[in-house]
Chemist: 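This is the structure, below, for whatever I ask next.
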Amino acid sequence: QVLLVESGGESVQTGGSLTLSCTASGITISSNCMGWFRQAPGKEREGVAARYGSGRESYYADSVKGRFTISTDNANNTAYLQMNSLQAEDTALYYCAVSSCGGRWYKFRERDFHTWGQGTQVTVSS
């Protein structure tokens, strides 16, 4: 059974930083592709970052480019999302997901991600 567990979400002030973690079990992330998504209240879920588990390449939504960094630690089978210069509009429930690297996962197409975590809340306020 594949399981993803996110952690690291909390309340921070505008301009602050956070690092989210996503630990996988039942799957080896280095052989797959990882994605981070978020859903703000009243909005649809959107992709923010994705990466080959091998580290070959990463992809970012325009709204987070230059501020967020996705990384993977294959020894710990964990993906991370480093978030800097956080803004109020970054407030959302953040999910990690795993893809077999098929389809258009790099375009954050949700149906190409087969397993999702339960989410971790990030709240940014002034």
Chemist: F37 and A97: which non-hydrogen atoms are nearest, and at how many Å?
Modeler: CE1-CB, 4.1 Å
Chemist: Counting N and O atoms only, with roles assigned by atom type, does the side chain of N32 sit under 3.5 Å from a partner on the main chain of I29, one being a donor and the other an acceptor?
Modeler: no
Chemist: Less than 4.5 Å apart, side chain to side chain, heavy atoms only: is that true for R104 and Y106?
Modeler: yes
Chemist: Just so I know, are the side chains of L20 and R38 near enough to count as touching, which here means a heavy-atom distance under 4.5 Å?
Modeler: no
Chemist: Give the minimum heavy-atom separation between Q87 and T14, together with the two atoms involved.
Modeler: CA-CG2, 4.5 Å
Chemist: Any donor and acceptor pair, going by atom type alone, linking the side chain of T91 with main-chain N or O of V124 inside 3.5 Å?
Modeler: yes
Chemist: Please assess N84 against S17 for the test side-chain contact (heavy atoms from CB on, under 4.5 Å), listing each intermediate value before the final yes or no.
Modeler: CA-CA 4 Å; N84 298 324; S17 299; 3.0 Å; yes
Chemist: Side chain of T72, backbone of G53: donor and acceptor closer than 3.5 Å?
Modeler: yes
Chemist: Shared ILVMFWY cluster between Y60 and V122, side chains joined below 4.5 angstrom?
Modeler: yes
Chemist: List the residues meeting side-chain hydrogen bond (donor to acceptor under 3.5 Å, both in side chains) with S99, not counting sequence neighbours, and say none if there are none.
Modeler: none
Chemist: Would one find more than 12 heavy atoms of other residues, nucleotides or ligands at under 6.0 Å from atom CD of E89?
Modeler: yes
Chemist: Any chance you could measure L4, atom CG, to Q118, atom CD, to the nearest 0.5 Å?
Modeler: 9.0 Å
Chemist: Kindly compute the distance separating CG (L93) from OG1 (T120), expressed to the nearest 0.5 Å.
Modeler: 7.5 Å
Chemist: Are S71 and Q82 close enough, and set up right, to give a side-chain contact (heavy atoms from CB on, under 4.5 Å), and what steps lead you there?
Modeler: CA-CA 8 Å; S71 62; Q82 171 69 42; over 6 Å; no
Chemist: Give, for atom CD of E46 and atom CD of E110, the distance between the pair rounded to the nearest 0.5 Å.
Modeler: 10.0 Å
Chemist: Is it true that a side-chain atom of Y95 and a backbone atom of E6 form a donor plus acceptor pair closer than 3.5 Å?
Modeler: no
Chemist: Listed by chain and number, what are the salt bridge (charged side-chain N to carboxylate O under 4.0 Å, His left out) partners of D112, not counting sequence neighbours?
Modeler: R109
Chemist: Same cluster or not: are Y59 and V98 linked, directly or through other Ile, Leu, Val, Met, Phe, Trp or Tyr residues, by side-chain heavy atoms under 4.5 angstrom apart?
Modeler: no
Chemist: Consider only side-chain N and O atoms of T23 and T78, and report whether a donor and an acceptor are under 3.5 Å apart.
Modeler: yes
Chemist: Which atom names give the shortest non-hydrogen contact between C33 and Y52, and what distance separates them?
Modeler: SG-CD2, 3.6 Å
Chemist: Do M83 and V64 have side-chain heavy atoms sitting under 4.5 Å apart?
Modeler: no
Chemist: Spell out, yes or no, whether F108 and V48 are grouped together once hydrophobic residues are joined by side-chain heavy atoms under 4.5 Å, including indirect joins.
Modeler: no
Chemist: Any chain of hydrophobic side-chain contacts (each under 4.5 Å) joining I27 to I70?
Modeler: no
Chemist: So, do W36 and F68 have ring centers that fall under 6.0 Å from each other?
Modeler: no
Chemist: So how far is it from T115 OG1 to M34 CE, rounded to the nearest 0.5 Å?
Modeler: 9.5 Å
